[in-house]
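Take a look at the structure set out below.
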Amino acid sequence: MNQHFKEEHLSKVIDNIEDSIQRINKYLGDVSEYGLNKDEMSYDAINMRLQIIGESINTLYVKEPGIFENTNLPVQEIKGLRNIISHRYYDLDPDEIMSTCEESLPALTAVLDILRSNLKKLVNEPQNEQEKPSGRTR
């Protein structure tokens, strides 16, 4: 994959995570005092956005696993939540989803700039020994 295209694509993936977090926070702000138990539309929208976050994290992990260096993100847990929402939605508890959002999204938001920085470093590294500068000039 062309390095410029790869950086552009993965940058958009990170932007999708950020957009999803912002939307979830908006939806949570719109939730009534009864929580997600009584607000089915917000609950569904939040679950969809959590799926997008999980899928985006998976894409980053598959395409550039080193991007998570120095983040302490629980990548497997994030991907696992996505799988539960997608395939075992009947096991979901609205209170747990709300709690997960309130506890985990701030930490994810805090590392988005690290992900972007790591991405820039990784795509600008030489890909193999042949591409590394030899230090000799001709």
Side-chain angles (χ1 to χ4, degrees):
M1 177 184 284
N2 173 301
Q3 292 301 88
H4 175 73
F5 174 76
K6 183 177 186 177
E7 180 178 8
E8 186 176 307
H9 171 69
L10 295 181
S11 289
K12 287 179 183 178
V13 171
I14 295 169
D15 290 344
N16 284 337
I17 294 170
E18 185 171 37
D19 179 57
S20 290
I21 292 169
Q22 290 171 349
R23 288 182 189 213
I24 289 170
N25 287 331
K26 179 190 179 307
Y27 303 149
L28 287 173
D30 293 343
V31 170
S32 71
E33 64 188 66
Y34 301 107
L36 291 175
N37 290 313
K38 301 289 183 190
D39 191 340
E40 291 177 354
M41 284 186 14
S42 292
Y43 181 63
D44 289 345
I46 287 169
N47 283 329
M48 183 64 205
R49 286 293 158 180
L50 289 171
Q51 284 181 304
I52 291 169
I53 290 170
E55 192 62 31
S56 297
I57 292 292
N58 187 58
T59 297
L60 293 172
Y61 185 76
V62 168
K63 302 279 186 195
E64 200 63 75
I67 197 169
F68 295 103
E69 188 174 313
N70 301 316
T71 64
N72 294 320
L73 277 180
V75 173
Q76 297 306 324
E77 291 174 17
I78 295 169
K79 291 169 29 177
L81 178 60
R82 177 255 177 230
N83 290 337
I84 291 169
I85 293 170
S86 297
H87 304 292
R88 295 182 44 207
Y89 47 85
Y90 47 84
D91 286 338
L92 294 175
D93 177 350
D95 292 330
E96 286 183 32
I97 292 294
M98 190 157 187
S99 175
T100 297
C101 291
E102 292 172 346
E103 294 170 12
S104 301
L105 293 182
L108 182 55
T109 301
V111 300
L112 291 176
D113 286 338
I114 296 170
L115 293 176
R116 288 183 176 103
S117 175
N118 287 348
L119 176 60
K120 285 200 177 297
K121 289 177 196 168
L122 289 166
V123 297
N124 290 316
E125 284 181 353
Q127 296 302 304
N128 58 43
E129 291 299 318
Q130 294 175 347
E131 293 181 41
K132 289 184 180 177
S134 65
R136 293 183 278 178
T137 56
R138 295 183 184 180

Distance col, row His9:NE2 vs Leu119:CG, nearest 0.5 angstrom, shows 10.5 Å
Does any non-hydrogen side-chain atom of Ile17 lie less than 4.5 Å from one of Leu60? yes
Distance from Met41 atom CE to Ile46 atom CD1, nearest 0.5 Å? 11.5 Å
Are the side chains of Leu105 and Ile53 in touch, meaning some heavy atoms are under 4.5 Å apart? yes
Side-chain donor-acceptor contact under 3.5 Å, Glu7 with Ser11: no
Pair Tyr89-Asn47, side chain to side chain contact (heavy atoms under 4.5 Å, CB included): steps then yes or no: CA-CA 9 Å; Tyr89 47 85; Asn47 283 329; over 6 Å; no
From CG (Leu92) to CG (Leu81), nearest 0.5 Å: 7.5 Å
Any Asp15 side-chain heavy atom under 4.5 Å of Asp19 side chain: no
Let me see the working for Arg116 and Asp113 under side chain to side chain contact (heavy atoms under 4.5 Å, CB included), right down to the final yes or no. CA-CA 5 Å; Arg116 288 183 176 103; Asp113 286 338; 3.5 Å; yes
CD of Glu55 to OG of Ser86: how many Å apart, nearest 0.5 Å? 7.5 Å
Compare every heavy atom of Glu69 with every heavy atom of Ile114, then report the nearest pair and how far apart it is. CG2-O, 4.0 Å
Check Glu18 against Leu112 and note the closest heavy-atom contact, atom names and distance. CB-CD1, 3.6 Å
Within the structure provided, determine whether Tyr27 and Met48 are in side-chain contact (heavy-atom separation under 4.5 Å). no
How far does CG of Asn16 sit from CZ of Arg23, to the nearest 0.5 angstrom? 9.0 Å
List the steps and the verdict of side chain to side chain contact (heavy atoms under 4.5 Å, CB included) for Tyr90 and Arg88. CA-CA 5 Å; Tyr90 47 84; Arg88 295 182 44 207; 3.9 Å; yes
Using the side chain to side chain contact (heavy atoms under 4.5 Å, CB included) rule, take Ile57 and Phe68 through it: C-alpha gap first, then chi angles, then the decisive distance, then the call. CA-CA 10 Å; Ile57 292 292; Phe68 295 103; 4.0 Å; yes
To the nearest 0.5 Å, tell me how far Leu115 CG sits from Ile67 CD1. 5.0 Å
Might you point out which heavy atoms bring Pro106 and Cys101 nearest each other, and give the distance in Å? CD-O, 3.7 Å
Between Lys6 and Glu64 (salt bridge meaning N to carboxylate O under 4.0 Å), is one present in this structure? yes
Within the structure provided, determine whether Leu50 and Arg82 are in side-chain contact (heavy-atom separation under 4.5 Å). no
Take atom CG of Asn72 as the centre, draw a 6.0 Å sphere, and report whether it contains more than 12 heavy atoms from other residues, nucleotides or ligands. no
Just wondering, more than 12 heavy atoms not from Gln22 lying within 6.0 Å of its CD? yes
Among Glu103, Glu96, Glu102, find the residue that satisfies the side chain to side chain donor-acceptor pair (under 3.5 Å) test when tested with Ser99. Glu103
Any non-hydrogen side-chain atom of Ile52 less than 4.5 Å from a side-chain atom of Arg49? yes
